[in-house]
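These values consider heavy atoms only, across backbone and side chains, with no hydrogens, waters or symmetry-generated copies. Everything numeric in this text was worked out from a predicted model, so none of it was measured.
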Amino acid sequence: MVHTQQITNMRKKIIAANWKMNMTIGETESFLEDFRMEIEDVNGVEILIAPPFTSLAKLSELLGGSQKVRLGAQNMYFEAAGAYTGEISAAMLRELFVRYVILGHSERRQIFGESDALINKKVHAALTSELRPILCVGETLAERDAGKEKEVLETQLKGSLAGITAEQMLDTVVAYEPVWAIGTGRNASPEQAQDAHAHVRAVLTSLTNAETADKVRIQYGGSVKPANATVLLGQPDIDGALVGGASMEPRSFAEIVKAAAK
Ligand code: PGA
C-alpha cells in the first residue's frame with residue numbers, strides 16, 4: 001500500500017519502553033533522571049514508559065503529569081473489580097494517570113496462554129476506561145517459514161479488535177512484533193517490517209475504513225536499537241517502536257527517541 005508523504009506525516013511517532021519484568025523502583029528513579037536530560041531538546045515524538053506494576057506509582061509521581069513522557073502499563077485484566085487474585089484493573093491504572101496499556105504481547109500469548117478472545121475483552125475494557133491499548137501482533141518463526149505471516153496477522157487483528165468502532169480504532173496503537181525478533185538481536189529487515197506494516201494497515205482498513213486506518217499508528221518491535229532505529233522508523237508505514245532490551249539504558253532509549261524525531 002502506498003501512502004502520500006502528507007498522510008504519513010500526520011501520524012506522530014510513538015516510542016515506547018517495555019521494561020517487562022525488569023527495573024526496580026530505585027533503578028527507575030535513576031533511569032528517569034538521566035533519560036530526562038538526554039531528551040531535553042527532543043520534540044514532536046510521543047514517548048512512553050511501561051514499567052512493571054510495582055514502579056507505576058513512583059514513576060507517575062516523578063513524571064508529575066509530564067506531557068513529554070507518558071506512562072504505560074504492560075497488561076491489565078478486563079473485569080472492573082472482584083475476586084481475580086494477582087490481576088490489575090483499568091481503573092487502578094487510570095488512578096495512576098496511566099495513558100496506554102500494552103495488550104496481547106507475544107510473551108503474554110505464549111507464556112501465559114492469552115487468546116485473541118481474551119485480548120479482545122481487554123481491548124474493550126481498556127477503551128471503555130479511556131486507556132489506549134497498544135495491541136501487539138506478530139508471527140512466530142515457524143509461521144514465517146511456512147509463509148503464513150500475513151494470515152497470522154489477519155487472524156490476530158480480527159480476533160483482538162472484534163467489535164471495535166472506527167472511533168475507538170483511532171485511540172488504539174498496533175505493535176507489529178515478529179516473535180522471532182524479540183530479544184534475539186535479530187530484527188526484521190526494513191523491507192520485511194514495512195511489508196508487514198502495510199498488511200496490518202490493509203487489515204485495519206477492512207475492519208474500519210481507509211481514512212481511519214491511515215491515522216492509526218503502527219509500531220515495530222523486536223530488537224530495536226540505536227543502530228537500526230533510523231532505517232526502521234524511516235519506512236512509510238512504521239510509526240514508532242516498542243522497545244524492550246534497549247529501553248532500559250537511558251542513553252540508548254534516548255537515541256531511539258531521537259531517531260524518531262528526525
Ligand atoms: P526487544 O523486546 O526490544 O528486547 O526485542 C521488544 C518487545 O518485546 O516489546
Could you tell me whether the side chains of [X] and [Y] share a donor-acceptor contact shorter than 3.5 Å?
X: E143; Y: T140; result: yes
X: D116; Y: S160; result: yes
X: K262; Y: T230; result: yes
X: E149; Y: H199; result: no
X: D237; Y: Q194; result: yes

With side-chain contact (heavy atoms from CB on, under 4.5 Å) as the test, would you mind laying out the steps for E87 and E79 before giving the verdict? CA-CA 9 Å; E87 295 295 322; E79 292 286 2; over 6 Å; no

Side chains of E27 and M248: closer than 4.5 Å at any heavy-atom pair? no

Side-chain touch V243/N18, heavy atoms, less than 4.5 angstrom: no

Got a donor-acceptor contact below 3.5 angstrom from the [X] side chain to the [Y] backbone?
X: Q74; Y: A50; answer: yes
X: Q156; Y: L153; answer: no
X: W19; Y: G244; answer: no

Nearest 0.5 Å, please: how far is [atom2] in [Y] from [atom1] in [X]?
X: E167; Y: T172; atom1: CD; atom2: OG1; result: 11.0 Å
X: K258; Y: I39; atom1: NZ; atom2: CD1; result: 9.0 Å
X: M169; Y: L135; atom1: CE; atom2: CG; result: 7.5 Å
X: R94; Y: L131; atom1: CZ; atom2: CG; result: 6.0 Å

Heavy-atom pair with the smallest gap, counting every atom of [X] and [Y]:
X: L242; Y: C136; answer: CD2-SG, 3.8 Å
X: T184; Y: S223; answer: N-OG, 3.5 Å
X: A246; Y: K225; answer: CB-CA, 4.2 Å
X: N22; Y: P52; answer: O-CG, 3.1 Å
X: A166; Y: T212; answer: O-CG2, 3.5 Å
X: F53; Y: N75; answer: CZ-O, 3.2 Å

Per side-chain hydrogen bond (donor to acceptor under 3.5 Å, both in side chains), E46 is matched among R70, K68, Q67 by R70

Using the ring of each side chain (for Trp, its six-membered ring), is H197 parallel, tilted or perpendicular to Y176, with breaks at 30° and 60°? perpendicular

Report whether F253 and I102 are members of the same hydrophobic cluster (ILVMFWY, side-chain heavy atoms less than 4.5 Å apart, transitive linking). no

Does R201 pair with D239 as a salt bridge, N-O distance under 4.0 Å? yes

Would you call R251-E38 a salt bridge at under 4.0 Å N-O? yes

